[in-house]
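Worksheet: one structure, shown below.
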2 protein chains.
Amino acid sequence: MPYTRDQLVEQLRRHDINPTHQRIEIAFALYSRGEHLSADQVLAIVNDRHSETSKATVYNTLNLFLEKKLIREVIVDPNKVFYDPNTEPHHHFYNVDTGELADIDAAGVEVHGLPPLPDGMVTEGVDIIVRVRSR
Amino acid sequence: MPYTRDQLVEQLRRHDINPTHQRIEIAFALYSRGEHLSADQVLAIVNDRHSETSKATVYNTLNLFLEKKLIREVIVDPNKVFYDPNTEPHHHFYNVDTGELADIDAAGVEVHGLPPLPDGMVTEGVDIIVRVRSR
DNA sequence: GTCACGATTAGACTCAGTCCAGATCATGGT
DNA sequence: ACCATGATCTGGACTGAGTCTAATCGTGAC
Ligand SMILES: [Mn+2]
Ligand SMILES: [Mn+2]
Ligand SMILES: [Zn+2]
Ligand SMILES: [Zn+2]
């Protein structure tokens, strides 16, 4: 979890991403906290001290990271996408009251009884979202 | 599946919804096809022959139906919500190439190994989305 | 007929996300 | 050092889903 910027530079390179200042900061925002962040939140974090990254670059970069599979997206809120630095197969708790997202390790989770795929289809992944309320 | 408008009027009443002309037509669009439709698609279907329902009413009505649990929403495409006339517990195949959604009956599907909920939390539901590609 | 009240409406508005054309930056060759 | 080149970044215009508002409509009670 305690990622240094140097480690992130390596990780960007391993994913064929030219490690520019902005890209390093955006990766750092996501990886150093290990949280699920919206584009808005990333923009705010990266520009917290002094403005140094534009909205366009944040979106460009998040989409580049997605493409290069450095992060994944989580679609659970109809209003915004969450970006997830955890690319291991895993699932999510989603608190419908607070909007909080929490990871569920996929190891140990099994799904039985799914019907066979239509012919000529191949599974890309199985996402499980456990919607929870605060009681 | 072959819903008559009269049956839908009854169903609306059972859910405490005053069955107006527009509401009946919107319910008919969803229930007669049994498909997952976006608000845009509902608007187009309802106004196919002659314009009779506004965008505002389509959104008002879909949100009313949701509130009264006549339909549910499926969040899987970052660009739009799908509205689902099937309110039984069930899961979905999502074709990431075509955008198609298909139901998976929940009967027979079991999930094992989920961690216990954080204290004071209660499960609202478990959604499984099987993302598939066309091969 | 008039009143009240719920439903519908056009159109302005919001907000996430994209697009574009110009500026800036990094790199390598001379 | 100097320039050329391509990649990156940027402000700001733009798009499209969804919401809001204030005016109008429809219906039933009186
Ligand atoms: Mn800095
Ligand atoms: Mn009609
Ligand atoms: Zn996650
Ligand atoms: Zn469904």
Side-chain angles (χ1 to χ4, degrees), chain A residues 5 8-9 12-13 15-30 36-47 49-68 70-84 99 101, chain B residues 5 8-9 12-13 15-30 36-47 49-68 70-84 99 101:
Chain A
R5 283 174 171 79
L8 288 172
V9 168
L12 290 174
R13 290 220 170 88
H15 287 261
D16 291 313
I17 298 167
N18 190 6
T20 65
H21 182 62
Q22 287 87 338
R23 288 168 179 173
I24 295 165
E25 290 307 312
I26 290 168
F28 189 72
L30 283 158
H36 305 84
L37 301 177
S38 64
D40 244 31
Q41 291 175 306
V42 171
L43 182 63
I45 290 168
V46 159
N47 290 328
R49 295 172 161 279
H50 51 291
S51 179
E52 58 184 291
T53 304
S54 69
K55 184 173 73 147
T57 295
V58 168
Y59 278 103
N60 287 344
T61 301
L62 290 171
N63 287 329
L64 176 67
F65 285 3
L66 277 179
E67 206 177 287
K68 300 292 192 177
L70 190 71
I71 62 179
R72 56 180 275 195
E73 55 185 349
V74 182
I75 316 289
V76 304
D77 180 321
N79 298 311
K80 50 176 163 283
V81 171
F82 286 101
Y83 296 90
D84 190 341
L101 267 177
Chain B
R5 283 174 171 79
L8 288 171
V9 167
L12 290 173
R13 290 219 171 90
H15 287 261
D16 290 313
I17 298 167
N18 188 6
T20 64
H21 182 62
Q22 287 87 337
R23 287 168 179 174
I24 294 165
E25 290 307 312
I26 289 168
F28 190 72
L30 283 159
H36 306 83
L37 300 178
S38 65
D40 243 32
Q41 291 175 306
V42 171
L43 183 63
I45 290 168
V46 159
N47 290 328
R49 296 173 160 280
H50 52 293
S51 180
E52 58 184 288
T53 305
S54 71
K55 184 174 73 146
T57 295
V58 167
Y59 278 103
N60 287 346
T61 301
L62 290 171
N63 287 329
L64 176 67
F65 286 3
L66 276 179
E67 207 177 286
K68 301 292 191 176
L70 190 71
I71 61 178
R72 56 180 275 196
E73 54 184 351
V74 182
I75 315 291
V76 66
D77 180 321
N79 297 311
K80 50 176 165 280
V81 171
F82 286 101
Y83 296 90
D84 190 342
L101 268 178

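Chain letters run A, B, ... following the sequence lines, proteins first and then strands; every chain starts at 1.
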B/Leu43 and B/Tyr59, any side-chain heavy atoms less than 4.5 Å apart:
no

Could you grab the distance from atom CG of B/Leu30 to atom CD1 of B/Ile45, nearest 0.5 Å is fine?
7.5 Å

Sugar-phosphate, base or nothing in reach of A/Asp77, heavy atoms under 4.0 Å
nothing

Check whether any side-chain nitrogen or oxygen of B/Asn79 sits under 4.0 Å from OP1 or OP2 of C/dG17, and answer yes or no.
no

In this structure, how many angstroms lie between the C1' atom of D/dC9 and the CG atom of A/Asn47, rounded?
13 Å

A/Ala56, nearest nucleotide to its side chain (from D/dG18, C/dT9, C/dC19):
C/dC19

Any side-chain heavy-atom pair from B/Asp77 and A/Ile75 closer than 4.5 angstrom?
no

Atom CG of B/Asn63 and atom C1' of D/dA17: how far apart are they, to the nearest Å?
12 Å

Over all strands shown, is A/Ser38 touching base, sugar-phosphate only, or nothing at heavy-atom distances under 4.0 angstrom?
nothing

Any N/O donor-acceptor pair, A/Lys55 side-chain to D/dG11 base, under 3.5 Å:
no

So which one's nearest nucleotide on DNA chain C is more toward 5', B/Ser51 or B/Pro78?
B/Ser51

With rounding to the nearest 0.5 Å, note down the distance linking CD in A/Glu52 to CG in A/Asn47.
6.5 Å

Phosphate-side-chain proximity, B/Asn18 and C/dG6, N/O vs OP1/OP2 below 4.0 Å
no

If I take atom CD in residue B/Gln41 and atom P in nucleotide D/dA17, what distance separates them, rounded to the nearest angstrom?
11 Å

Within-4.5 Å side-chain heavy-atom neighbours: B/Leu66 and B/Ile71:
yes

Find the distance A/Asp40:CG to C/dT14:C1' and express it as a whole number of Å.
13 Å

Of the nucleotides D/dC9, D/dT19, C/dT18, which has the atom closest to the B/Tyr59 side chain?
D/dT19

d(CG, B/Leu43; P, D/dT19) in whole Å
14 Å

Whole-Å distance separating the CG atom of B/Leu64 from the P atom of C/dA7
8 Å

Per A/Thr20 side chain, nearest of listed nucleotides C/dT9, D/dG11, D/dT8
D/dT8

Atom-to-atom span, CD of B/Glu25 to P of C/dA7 - whole angstrom
17 Å

Taking only side-chain N and O atoms of B/Asn60, does any of them lie within less than 4.0 angstrom of OP1 or OP2 on D/dC20?
no

From CD1 of B/Ile17 over to P of C/dA7, roughly how many Å is that when rounded to an integer?
10 Å

Where the side chain of B/Gln22 is defined as all heavy atoms beyond and including C-beta, which of C/dT8, D/dG18, C/dA16 is the nearest nucleotide?
C/dT8

Got a donor-acceptor contact below 3.5 angstrom from the A/Arg5 side chain to the A/Ile24 backbone?
no

Nearest to the side chain of A/Arg23, heavy atoms from C-beta on, is which of D/dA17, D/dC9, C/dT8?
D/dC9

Side chain of B/Ser54 (C-beta onward), nearest among D/dA17, C/dA10, C/dA16
C/dA10

